[in-house]
Novice: 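One structure coming up, written as structure tokens, with questions to follow.
Predicted model, so just to flag it, every value in this text is computed and none were measured. The basis for the numbers below is simple: all heavy atoms, side chains too, and nothing from hydrogens, waters or symmetry mates.
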Amino acid sequence: HLAGDAGHNHIFDRLYLIYTVGYSISLGSLTVAGIILGYFRHLHCTRNYIHMHLFVSFMLRAIFIFVKDVVLYTGSELEEIEGIAKEDLGSITEVPPIDKAQFVGCKVVVTLFLYFLATNYFWVLVEGLYLHILIFMAFFPDKKYLWGFTLFGWGLPMVFVAIWASLRATLADTGCWDLSAGGVKWIYQVPILITIAINFILFINIIRVLATKLRETNAGRNDTRQQYRKLLKSTLVLMPLFGVHYIIFMAVPYTEVSGIIWQIQMHYELLFNSFQGFFVAIIYCFCNGEVQAEIKKSWSRWTLALDFKRKARSGSTTYSYGPMVSHTSITNVTTRGSLAMHLNPRLASAALNGHRNLPGYVKNGSISENSLPSSGPEQSNKEEDHVNGSVPCYDERPTIELEEERETVM
């Protein structure tokens with residue numbers, strides 16, 4: 001019996017280590033990804049707003065898993081119970097009255113944990129619905145429906161979690177509400193299972209459309225290997241977003257701890273659930289081409305500004321950046337420069353627009369050439385671009401105002 005308990009403790013310690021490392025890595029990567037999407041103005045669009053809501057739901061889920069563990073499993077009451085010897089238990093003749101007020105804190109924590117767990121599943125569904133709409137609808141006023149998505153992702157889980165808490169407090173108000181109490185658990189588990197099933201259906205439908213589009217674009221070509229590689233890439237990108245791993249053990253009930261099925265299920269679920277946020281942050285932020293382009297432009301501006309200030313402090317007035325003469329050089333040769341411009345109008349045009357050649361220069365409110373919508377044969381890859389998150393956020397970018405054109409490094 002003692003050997004069995006030691007084996008169970010070893011399993012629980014390993015599971016605890018897996019999900020602690022996984023949720024910690026996910027929390028850190030999602031925090032950085034959320035800061036990046038929120039910092040760059042050109043990344044502010046409906047698609048990335050939904051990504052940020054999803055990031056926050058993953059972060060809150062991870063945070064409250066850690067809070068729940070601290071409140072439920074490291075409390076003084078648990079340590080006191082573990083310290084009672086067996087002979088002391090035999091000498092107890094009367095059960096002391098239970099003060100339910102001491103469980104209020106842990107009940108609130110468990111309720112909040114279930115709420116943020118449900119919101120995470122619902123925001124995964126929102127991501128799937130939004131991607132499905134983008135692929136199957138030619139025009140979708142996503143700005144107007146962002147509030148609807150927000151209410152669906154944060155508001156609907158609040159309704160059935162509140163109903164569960166009310167019934168639990170009325171029918172089964174025992175302990176910290178962390179243990180199952182009959183059929184009350186299905187009040188929040190059924191909506192979560194429905195979101196998993198809907199997401200899986202959307203996933204299959206999108207993969208079907210992608211496979212059809214790839215066959216159409218590669219018609220007449222013999223390169224089927226590249227076609228399958230693209231389909232595999234899109235499938236791997238979509239799997240963490242749609243939570244496809246949830247479907248594997250969705251219909252398998254939990255068995256006793258000693259069973260090998262239970263161990264496989266728990267290791268699988270805790271591993272993929274805890275690292276899902278990390279995978280989502282990598283795919284939709286760190287590996288996103290638009291995000292990488294914004295970071296590179298910001299880095300170029302910053303290094304150029306430092307170089308500009310360093311050379312300004314050193315008193316240099318004759319340096320230049322490529323074909324463009326610096327501002328200090330222009331001010332020192334104003335007379336000669338104006339005469340040359342008068343004699344040659346092409347030089348005047350080059351001087352006025354020369355700062356556009358500056359590395360990292362972006363006209364205020366402009367759209368980079370890499371973000372312009374594609375035309376011709378590339379238009380057929382719209383679905384694949386939506387899946388990979390490479391569609392630029394030009395739907396909410398400000399209009400171009402010529403009078404505000406200026407160098408961003410100054």
Side-chain angles (χ1 to χ4, degrees), residues 19 22 26 47 50-51 53-58 60-62 65 113-137 140 145 148-164 167 180 182-212 231-232 234-255 261-262 264-277 279-280 283-284 383 386-387:
Y19 78 76
S26 295
R47 172 170 52 84
I50 294 177
H51 288 342
H53 279 288
L54 179 66
F55 293 170
V56 172
S57 70
F58 273 113
L60 291 174
R61 174 178 177 174
I65 282 178
F113 162 72
L114 292 177
Y115 168 69
F116 290 121
L117 177 68
T119 57
N120 183 230
Y121 283 97
F122 271 72
W123 274 107
V124 170
L125 177 59
V126 169
E127 283 276 5
L129 288 172
Y130 183 71
L131 180 59
H132 193 270
I133 289 172
L134 288 180
I135 291 178
F136 286 91
M137 292 182 63
F140 178 68
Y145 288 96
F149 288 141
T150 304
L151 185 62
F152 178 81
W154 296 111
L156 190 57
M158 186 182 299
V159 174
F160 58 78
V161 170
I163 295 174
W164 170 84
L167 292 178
S180 178
V184 181
K185 64 179 181 180
W186 295 109
I187 296 176
Y188 67 87
Q189 284 190 356
V190 167
I192 290 176
L193 294 175
I194 292 175
T195 62
I196 295 174
I198 295 176
N199 255 338
F200 186 71
I201 295 173
L202 296 177
F203 169 78
I204 296 297
N205 199 28
I206 291 176
I207 293 300
R208 179 188 61 81
V209 172
L210 290 176
T212 303
L231 183 60
L232 178 62
S234 299
T235 303
L236 293 177
V237 167
L238 289 173
M239 285 181 67
L241 174 63
F242 281 82
V244 177
H245 59 280
Y246 295 136
I247 206 72
I248 303 298
F249 288 100
M250 187 178 73
V252 178
Y254 287 111
T255 58
I261 301 298
W262 181 88
I264 294 175
Q265 180 178 0
M266 294 305 297
H267 282 82
Y268 171 86
E269 288 185 348
L270 291 178
L271 178 65
F272 283 96
N273 290 356
S274 60
F275 281 96
Q276 184 184 6
F279 295 143
V280 169
I283 294 172
Y284 291 99
E383 291 81 3
H386 282 306
V387 169

Novice: To the nearest 0.5 Å, how far apart are NE2 in H245 and CZ in F275?
Specialist: 12.0 Å
Novice: CG/N199 to CD1/I247 distance, rounded to the nearest 0.5 angstrom?
Specialist: 9.5 Å
Novice: Assign the ring pair H51 / Y284 to parallel, tilted or perpendicular, where the plane angle (0 to 90°) is split at 30° and 60°.
Specialist: tilted
Novice: How many angstroms lie between CZ in F272 and CD1 in I248, if you round to the nearest 0.5 Å?
Specialist: 9.0 Å
Novice: Have a look at L210 and tell me which of N205, T235, L238 forms a side-chain contact (heavy atoms from CB on, under 4.5 Å) with it.
Specialist: L238
Novice: Would you say T195's side chain and F122's backbone share a donor-acceptor pair under 3.5 angstrom?
Specialist: no
Novice: Could you tell me which non-hydrogen atom of F58 sits nearest to which non-hydrogen atom of V124, and how far apart they are?
Specialist: CZ-CG2, 4.2 Å
Novice: Which pair of non-hydrogen atoms, one from L236 and one from I283, has the smallest distance, and what is that distance?
Specialist: O-CD1, 4.4 Å
Novice: Atom CZ of F149 and atom CD1 of I50: how far apart are they, to the nearest 0.5 Å?
Specialist: 5.0 Å
Novice: Below 4.5 Å, heavy atoms only, C-beta onward: do L193 and W186 meet side chain to side chain?
Specialist: yes
Novice: Looking only at non-hydrogen atoms, find the nearest pair between S274 and S26 and report the distance.
Specialist: O-OG, 2.5 Å
Novice: Give the minimum heavy-atom separation between Q276 and P240, together with the two atoms involved.
Specialist: NE2-O, 2.8 Å
Novice: Side chain to side chain contact (heavy atoms under 4.5 Å, CB included), that's the test. Do L117 and Y188 meet it? Break it down for me.
Specialist: CA-CA 10 Å; L117 177 68; Y188 67 87; 5.6 Å; no
Novice: So Y115 and W154, would you call those rings parallel, tilted or perpendicular, with 30° and 60° as cut-offs?
Specialist: tilted
Novice: Measuring from M266:CE to L271:CG, what's the distance to the nearest 0.5 Å?
Specialist: 12.0 Å
Novice: Over 60° means perpendicular and under 30° means parallel, so tell me whether Y121 and Y246 are parallel, tilted or perpendicular.
Specialist: tilted
Novice: For the atom pair CD1 (I192) and CD1 (I187), what is the distance rounded to the nearest 0.5 Å?
Specialist: 12.5 Å
Novice: Please identify which of these residues, L60, V56, I65, meets the side-chain contact (heavy atoms from CB on, under 4.5 Å) condition with F116.
Specialist: L60
Novice: Keeping Y19 on the side-chain end and N273 on the backbone end, is there a donor-acceptor pair under 3.5 Å?
Specialist: no
Novice: Could you go step by step and tell me if I194 and L125 meet the side chain to side chain contact (heavy atoms under 4.5 Å, CB included) rule?
Specialist: CA-CA 10 Å; I194 292 175; L125 177 59; over 6 Å; no
Novice: Which pair of heavy atoms, one from W123 and one from S57, lies closest together, and at what distance?
Specialist: CB-OG, 3.9 Å
